[in-house]
Visitor: 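Before we start, here is the structure in question, set down as structure tokens.
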Amino acid sequence: MYSLLLALIYIAFISLGLPDSLLGSGWPAMHEDMSVPVSYMGIISMVISGGTIVSSLFSDKLTRKIGTRVVTVVSVFLTAIALFGFSFSTKFWMLIVFAVPYGLGAGAIDAALNNYIALHYTSRHMSWLHCFWGVGTIISPFVMGYALTGSTWHNGYRIVGYIQIGIALLLLATLPIWKKVNRAGEEEKTHRSVGLIGALKIKGVPFMLIGFFAYCAAEATAMGWASTYFAEVKDIPAERAAQFASLFFIGITVSRFISGFVSDKLGDRKMIIIGACVLVGGIIMLAIPINSYALAIAAFVTIGFGCGPIYPSIIHSTPDNFGAENSGAIIGIQMASAYVGSTFMPPLFGLLGNTVGFWIMPIFLSVFIVLMAVMITVMFRLTAKSKSSENNM
């Protein structure tokens, strides 16, 4: 039964990944259809991320009140509603309206399930959890590419919306399984929450939040603007660029699948270091000024591969670094900091791309990866010292 619940959580994370790559892969066609500048994708991303920030900050309180299972099902239905709303949108303001429920649903499920896995499962399961998120992100660009070839981007959103509804109904039908595996409910209600302010006062948390913000800024930029990079810098048609956007997601998904086999042995910190080194290699490849897009294809796959272990390893290390009793509140803040990076940095890149040129992507990514490496290193050193002091008392 425990394994069956894990499988359902994996499926729920597919539903989280499905919409994440749709906007970036479809935007080259969407902005032309709605007669808005290419940089307006950042506005939609900001609204989505704004919703996720709000729901992430309140996720610990919400999960303790109604449970992870209810939060999960409601969140998937919310994102399904948003996808269908996008599919019927004919004006830019309509996209903004339906971006709200998507953001609220995504933030709640992200924080709740990440905390549940961090508390109850090993590092390998955290890697595979995010691997299934990658499965969802891989599917969507191909669906959008298919829709753009045969019809319009509206059908791309509609198809993914039907998939999302199917997942939501499956999760609703299997709610009794969560009751039988009641360990989650016990954990959610026996520990008193440290609260948002209390979590921020814990040594190392501010550094971790800045590092997580920086990483997610880089990931979201590469994820959201890959399709536009191919279209604007490499002069590739929109429908083909939409499919090339899946390269980043293929890299990140394969990486997380492989990471699951070695993460328990190597540990979270080493996995972060390895991922960062590979990520830097991909950025260097992207910076090489060659007209052929073959190297750019390899670069985005490598960047995705490097990103693979970083996010799940930072999340999974949270209970060990800061205490299981504090993980719910801290992971909620982590999700919020992640979405702050996802909210404000990709639009900034869009503005820079419009004024300077989208070729600036390697420089933009490098700044945030360096910031991430410094902050996460400081965080691990502080928490190691704190645990050492406690053990010596």
Side-chain angles (χ1 to χ4, degrees), residues 6 9 12-13 16 49 51-72 75 103-123 125-130 132-133 183-216 219 256 263 268-269 271-272 309-342 372 375-376 379-380 382-383:
L6 181 62
I9 293 174
F13 243 64
L16 184 64
S49 296
T52 59
I53 291 169
V54 172
S55 57
S56 295
L57 290 174
F58 289 97
S59 64
D60 185 44
K61 182 179 293 186
L62 190 63
T63 300
R64 290 171 185 273
K65 186 173 183 179
I66 64 176
T68 303
R69 64 193 185 98
V70 177
V71 170
T72 300
S75 297
L104 292 173
I109 191 174
D110 203 0
L113 292 183
N114 270 298
N115 184 52
Y116 185 83
I117 293 294
L119 286 172
H120 301 298
Y121 293 89
T122 63
S123 181
H125 294 300
M126 182 65 81
S127 293
W128 287 335
L129 176 73
H130 288 272
F132 277 89
W133 170 84
R183 189 174 169 186
E186 294 172 0
E187 289 292 337
E188 289 164 358
K189 294 174 182 176
T190 55
H191 297 298
R192 184 175 180 178
S193 176
V194 68
L196 299 180
I197 303 300
L200 290 171
K201 293 179 180 179
I202 297 175
K203 185 179 293 186
V205 169
F207 292 98
M208 179 270 296
L209 294 178
I210 296 172
F212 205 49
F213 158 85
Y215 165 75
C216 291
E219 181 192 89
R256 286 172 177 172
S263 56
D268 293 320
R269 185 172 183 177
M271 293 301 295
I272 294 170
I310 298 176
Y311 191 112
S313 296
I314 293 175
I315 294 292
H316 188 265
S317 68
T318 300
D320 183 58
N321 285 326
F322 304 111
E325 69 279 8
N326 300 323
S327 67
I330 293 175
I331 287 179
I333 304 173
Q334 279 180 314
M335 296 297 104
S337 69
Y339 290 120
V340 168
S342 302
M372 177 211 75
M375 292 295 104
I376 295 300
M379 180 271 293
F380 272 109
L382 286 174
T383 54

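Since this is a predicted model, take the numbers as computed values, not measurements.
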Visitor: Report the distance from atom OG1 of T318 to atom CD1 of I330, rounding to the nearest 0.5 Å.
Guide: 7.0 Å
Visitor: As a quick check of understanding, evaluate side-chain contact (heavy atoms from CB on, under 4.5 Å) for N115 and T63, giving each step before the final call.
Guide: CA-CA 10 Å; N115 184 52; T63 300; over 6 Å; no
Visitor: Does any non-hydrogen side-chain atom of R269 lie less than 4.5 Å from one of I376?
Guide: no
Visitor: If you round to the nearest 0.5 Å, how far is CZ of R256 from CD1 of I310?
Guide: 9.0 Å
Visitor: Determine, step by step, whether F322 and M208 satisfy the side-chain contact (heavy atoms from CB on, under 4.5 Å) criterion, reporting the C-alpha distance in whole Å, the side-chain angles of both residues, the deciding distance to 0.1 Å, and the verdict.
Guide: CA-CA 11 Å; F322 304 111; M208 179 270 296; 4.1 Å; yes
Visitor: Relative to the ring of F212, is the ring of Y215 parallel (under 30°), tilted (30 to 60°) or perpendicular (over 60°)?
Guide: parallel
Visitor: Do you know the tightest heavy-atom contact between L382 and G204?
Guide: CD1-CA, 4.1 Å
Visitor: Nearest 0.5 Å please: distance from the OG atom of S317 over to the CE atom of M271.
Guide: 12.5 Å
Visitor: Quick one: do N114 and H130 satisfy side-chain contact (heavy atoms from CB on, under 4.5 Å)? Show the steps, please.
Guide: CA-CA 9 Å; N114 270 298; H130 288 272; 2.8 Å; yes
Visitor: Minimum heavy-atom separation for M375 to I210, with atom names?
Guide: CG-CG2, 3.5 Å
Visitor: Is the count of non-hydrogen atoms from other residues, nucleotides or ligands lying under 6.0 Å from F207 atom CZ greater than 12?
Guide: no
Visitor: Can you tell me how far apart CD1 (I314) and CD (Q334) are? Round to the nearest 0.5 Å.
Guide: 7.5 Å
Visitor: Rounded to the nearest 0.5 Å, what separates atom CD1 in I117 from atom CG in L6?
Guide: 5.5 Å
Visitor: Do D110 and S56 have side-chain atoms, one donor and one acceptor, less than 3.5 Å apart?
Guide: no
Visitor: Ignoring hydrogens, what is the shortest heavy-atom contact between S75 and G105? Give both atom names and the distance.
Guide: CB-O, 3.2 Å
Visitor: Which distance, rounded to the nearest 0.5 Å, do you find between the CD1 of I9 and the CG of L129?
Guide: 7.5 Å
Visitor: Side chains of D268 and S123, heavy atoms from C-beta outward: is any pair under 4.5 Å?
Guide: yes
Visitor: What pair of heavy atoms forms the shortest contact from A338 to C216, and how long is it?
Guide: CB-SG, 3.3 Å
Visitor: Output, in order, the C-alpha distance, side-chain angles, deciding distance and verdict of side-chain contact (heavy atoms from CB on, under 4.5 Å) for L209 and M379.
Guide: CA-CA 9 Å; L209 294 178; M379 180 271 293; over 6 Å; no
Visitor: Closest heavy-atom contact between G103 and T52?
Guide: O-CG2, 2.9 Å
Visitor: Could you pull out the closest heavy-atom pair between G107 and Y339, with the gap in Å?
Guide: CA-CE1, 4.3 Å
